[in-house]
Amino acid sequence: MSRTPHFRVTPVAEDVHLVDAGSVNWILVGEGDALTLIDGGYPAHADAVEASIREIGRRPEDVAAVLVTHAHVDHIGSLGRFAARYGTPVHTGATETAHAHRDFLEQATPGQVLANVWRPRVLPWALHIVAAGALGAHRLEAATPFPVEGALDLPGRPVPVETPGHTSGHTCYHLPERGVLVTGDALGTGQPLTAFEGPQPLVSMFHHDRGRMMDSWSILAELDADHLLPGHGPAWRGTPRKAVEQARLNASRVW
Ligand SMILES: [Zn+2]
């Protein structure tokens, strides 16, 4: 018996929706009938991704392309099925494309998670992600590098912003016409493993290079936007500069 996991769709800006599936987000950017889907949750979220698209009055066939912030299982888990079913192109940067193909892997190991299981909140979260399909190999062969440099000719005119650190090829997406910055896991606003909300780094075991990621925050701080949409946590209202200031202050509160 399969059941579509619960999710919640929040309108954020002009035809931009954040979909919160509990432990991870994906984002829908519309223009006319067409959509850009950014990330796609865990393997168990495959039906929820399609249901969220229908909830805003579109069809999965309307997705012009899927963009990936980074190739961790909680962001690409459902996308292999989606791409195969609808023939949708999937793009990310060249480095992250190799990561999606699992030419290399920069992801917290089960051993790292176990080493932290004494901490509050870690065990329930670990059980949740196992149920969501986190274990096993998650290769996304459909991923290909961006077809052009700069703004993409897709709904919302997303501009990829290279933000290495969380993974070596992590990419944020700036939607200048919508006043939105999609931050992926370069900058969160809440997470199952901390007890507070607000701009913050994810816990350290998830980052390939935390210092490099925090250096990338300087790139985000220069961008013009009114809304941040992270991979984990609620939509956040304010400028990227303000978010980065708060994240730097909050960094010491995150293990
Ligand atoms: Zn994530």
Side-chain angles (χ1 to χ4, degrees), residues 5 7-8 18-28 37-46 48-49 52 66-80 90 92-93 95-96 99-100 102 105-110 112-113 116 121-122 124-140 143 161 163-173 181-194 197-210 212-214 216-217 220 228-236 243 247 250-251 254-255:
F7 63 88
R8 194 180 53 185
L18 178 80
V19 185
D20 170 4
S23 54
V24 68
N25 303 327
W26 58 87
I27 287 129
L28 301 169
L37 166 65
I38 305 179
D39 288 348
Y42 283 100
H45 292 134
V49 167
S52 69
V66 181
L67 301 178
V68 169
T69 60
H70 65 291
H72 283 162
V73 59
D74 51 329
H75 299 256
I76 64 166
S78 79
L79 296 176
V90 180
T92 187
T95 303
E96 207 59 17
H99 192 201
R102 294 301 185 247
L105 181 61
E106 298 175 341
Q107 183 160 287
T109 63
Q112 279 174 294
V113 174
N116 285 288
R121 297 163 170 260
V122 172
W125 167 82
L127 295 173
H128 167 84
I129 69 160
V130 168
L135 296 179
H138 299 284
R139 185 175 279 111
L140 181 58
V161 182
T163 39
H166 180 70
T167 62
S168 297
H170 187 283
T171 299
C172 296
Y173 295 96
L181 177 61
V182 175
T183 58
D185 285 2
L187 190 62
T189 60
Q191 54 191 316
L193 302 184
T194 59
E197 286 187 353
Q200 59 189 277
L202 301 186
V203 302
S204 297
M205 69 175 170
F206 296 128
H207 307 304
H208 180 64
D209 187 337
R210 187 181 197 257
R212 195 174 178 207
M213 179 191 72
M214 290 178 70
S216 288
W217 289 354
L220 298 182
L228 261 71
L229 303 185
H232 303 274
W236 189 85
N250 284 332
V254 179
W255 52 272

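Start at 1 and go down the list; that is how both ligands and their atoms are numbered.
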Side-chain contact, heavy-atom cut-off 4.5 Å: S78 with Y42?
no

Kindly give the atom name of the N, O or S atom of H75 closest to the Zn ion (ligand 1).
NE2

If you consider just the N/O/S atoms, which atom of H232 is the closest one to the Zn ion (ligand 1)?
NE2

Minimum-distance N/O/S atom that D74 presents toward the Zn ion (ligand 1)
OD2

For H208 and H166, does a side-chain donor sit closer than 3.5 Å to a side-chain acceptor?
no

Using distance alone, with no hydrogens and no angle criterion, decide if H70 and T92 have a side-chain donor and acceptor under 3.5 Å apart.
no

Do the side-chain N and O atoms of T189 and E197 include a donor-acceptor pair separated by under 3.5 angstrom?
no

What N, O or S atom of D185 is found closest to the Zn ion (ligand 1)?
OD2

